[in-house]
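First comes the structure, then the notes that go with it.
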Amino acid sequence: MSRWRSAAAKERRPGKGCVLRLCLLSATLLLCLLQLGLRRSWDAAEAEPAKETRKPPLPPPPGARRAEKASEATSRRQVTYVRSGRHRAPAEPTCCLQGAPSSDARKKTIRWHINLQPWASPTASLNNEALRLLKYISTVQISCDHMSMNNLPGNPNSSRRPWSICLDDRFSLVHQIKRKQCRLYSLGLGSDNNQFEISMANSGCEVHRFDPSIKLAHIQKGQRLWYHRLSIDWRDPNPMIAAHKLHTNTKKLGTVLNDFGHHKIDILKADMESAEWKILENLILEDVVEHIGQLVLEIHVHWPGFEVSGNDSTVVRYWYSLLKELELKDFRLFHTYKDLSKPQMFLKREAFNASSCYTLSWVNTRWK
């Protein structure tokens, strides 16, 4: 009987294989539960991202708040200026928009040198070069029947002067003057007479005279006459040199046009005391001459001029090539004046029956 009980107990006792299967089953169930819990946590994180814990910002260093307030005030002032400018009507008459570039940005053709004309003779002699130049500046290329300003309003008994402009109906200047839509730029050094500028202002032209000798930056005399303490040069000042160290305020004519917001010049009068050659070269190289209707230019031939180098025959060839560049730009000489009151000198010589000073008047035949 006892033997039978022990045998039955052995049969009821589970084996080692069964225990191992139970352990594996329990481990599998536990892993499934853990995986289910992780999936739920991931879904919850995607549905509602957990809020990041951020550290409180550090207090700004001393002075930073004042700089921030100054920056905000500056930006507010700039916005106020722009918005108020949209509704403000320009004052009449207006001189210029200082710092405002011209709306028709000119596409400048980059040129570093003018095209020199062939020598007047195979020997490149000064005699041949001088005779060619003097004949060129003494011969008009186009006729102009009306150069007197007597028929313009505000100019009674105006005599014919070296500063001659063409008022023929085929050119637009006379119509621009009568409509009071013309603009004159006068370049000088303060020593010449300003009667021509006053007469043109009385006729209805907007006149800007650039004179570095005046005391104020801009002076308005009358309704249409302005003086600017500025000298026109063939180059802009070096940006590396402080403004207060410069002897005079100089700019290129193209830069002034952009600064003033002017698109064109109906008349450009220039008496620059031997700086005219390099200034004319700059106007040609930067295509500024295409924005000029008539050019009245005083040239000096008693010495090469500022920063014009080379021997005498090379200098005269350079002068002649500059004037021929104007002709290629459709400018035509309609008046020439030989000043007999000046010394009769040509490159420091009393030769060729030449005067040291000539006044030439050109008209742009393509000017509208």
Side-chain angles (χ1 to χ4, degrees), residues 114-149 159-174 196 267-272 274 276-281 283-284 289-290 292-305 308 312-347 349-367:
I114 65 167
N115 298 322
L116 293 175
Q117 293 292 315
W119 292 97
S121 63
T123 58
S125 68
L126 172 62
N127 184 74
N128 292 329
E129 295 300 324
L131 292 178
R132 179 174 67 168
L133 174 72
L134 293 173
K135 180 180 179 181
Y136 188 81
I137 64 176
S138 302
T139 307
V140 296
Q141 300 170 333
I142 191 172
S143 63
C144 180
D145 298 328
H146 301 90
M147 287 184 287
S148 174
M149 293 184 291
S159 61
R160 184 170 175 173
R161 299 183 179 89
W163 304 110
S164 298
I165 56 176
C166 188
L167 300 173
D168 284 358
D169 289 337
R170 54 181 168 155
F171 302 121
S172 63
L173 179 59
V174 63
F196 176 76
I267 309 167
L268 176 63
K269 172 202 168 189
D271 180 10
M272 299 303 296
S274 296
E276 67 274 358
W277 296 112
K278 294 297 291 185
I279 292 175
L280 179 59
E281 180 186 50
L283 301 184
I284 292 170
V289 292
E290 297 181 357
I292 299 173
Q294 295 193 25
L295 173 63
V296 188
L297 178 67
E298 185 172 282
I299 63 171
H300 302 83
V301 296
H302 60 286
W303 72 294
V308 178
D312 289 346
S313 57
T314 301
V315 168
V316 180
R317 181 194 184 198
Y318 166 75
W319 289 346
Y320 177 75
S321 300
L322 277 175
L323 301 182
K324 289 293 288 185
E325 288 269 4
L326 280 178
E327 185 178 341
L328 294 175
K329 296 286 187 180
D330 294 308
F331 279 79
R332 298 292 181 266
L333 185 65
F334 66 86
H335 186 255
T336 176
Y337 175 81
K338 179 181 178 180
D339 194 343
L340 298 178
S341 65
K342 299 292 179 68
Q344 305 301 292
M345 302 287 292
F346 188 91
L347 290 178
R349 298 176 176 87
E350 293 183 0
F352 309 112
N353 192 27
S355 172
S356 61
C357 180
Y358 292 81
T359 303
L360 308 177
S361 298
W362 306 73
V363 59
N364 186 346
T365 56
R366 290 191 303 170
W367 187 252

| Yes or no on side-chain contact (heavy atoms from CB on, under 4.5 Å) for Tyr337 and Leu360, after CA distance, side-chain angles and deciding distance? | CA-CA 6 Å; Tyr337 175 81; Leu360 308 177; over 6 Å; no

Please examine the side chains of [Y] and [X], heavy atoms only from C-beta on, and report whether any two atoms are closer than 4.5 Å.
| X | Y | result |
| --- | --- | --- |
| Arg349 | Gln344 | no |
| Val301 | Trp319 | yes |
| Val289 | Leu268 | no |

So does [Y] get a backbone contact from the side chain of [X], meaning a donor-acceptor N/O pair under 3.5 Å?
| X | Y | result |
| --- | --- | --- |
| Arg317 | Gln117 | yes |
| Trp277 | Tyr318 | no |
| Arg366 | Asp330 | no |
| Asp168 | His146 | yes |
| Ser164 | Met147 | no |

| Using the benzene-type ring in the case of Trp, are the ring centres of Tyr136 and Tyr320 under 6.0 Å apart? |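 Yes, ring centres under 6.0 Å apart.
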
To the nearest 0.5 Å, what is the distance between [atom1] on [X] and [atom2] on [Y]?
| X | Y | atom1 | atom2 | value |
| --- | --- | --- | --- | --- |
| Glu298 | Thr359 | CD | OG1 | 4.5 Å |
| Arg170 | Cys144 | CZ | SG | 7.0 Å |
| Glu325 | Leu280 | CD | CG | 9.0 Å |
| Leu323 | Leu333 | CG | CG | 8.5 Å |
| Thr336 | Gln141 | OG1 | CD | 10.5 Å |
| His335 | Ile165 | NE2 | CD1 | 12.0 Å |

Do you know the tightest heavy-atom contact between [X] and [Y]?
| X | Y | value |
| --- | --- | --- |
| Lys342 | Ser355 | CB-OG, 4.3 Å |
| Ala351 | Phe346 | O-CB, 4.1 Å |
| Glu129 | Val316 | O-CG1, 3.3 Å |
| Asn364 | Lys329 | OD1-O, 4.0 Å |
| Ser356 | His302 | CB-CB, 3.7 Å |
| Phe334 | Cys166 | CZ-N, 3.4 Å |

| said: Can you tell me how the ring of Phe196 sits relative to the ring of Trp163, calling it parallel under 30°, perpendicular over 60° and tilted otherwise? | reply: tilted

| field | Full working for side-chain contact (heavy atoms from CB on, under 4.5 Å) between Ile114 and Leu322 | value | CA-CA 7 Å; Ile114 65 167; Leu322 277 175; 3.7 Å; yes

| query | Given Leu295 and Phe331, is the side-chain contact (heavy atoms from CB on, under 4.5 Å) satisfied, shown in steps? | reply | CA-CA 9 Å; Leu295 173 63; Phe331 279 79; 4.3 Å; yes

| message | Between Met345 and Glu350, is the side-chain contact (heavy atoms from CB on, under 4.5 Å) condition met? List the steps. | response | CA-CA 5 Å; Met345 302 287 292; Glu350 293 183 0; 3.5 Å; yes

| request: Test side-chain hydrogen bond (donor to acceptor under 3.5 Å, both in side chains) on Ser125 and Asn127 and set out the steps. | output: CA-CA 5 Å; Ser125 68; Asn127 184 74; 5.3 Å; no

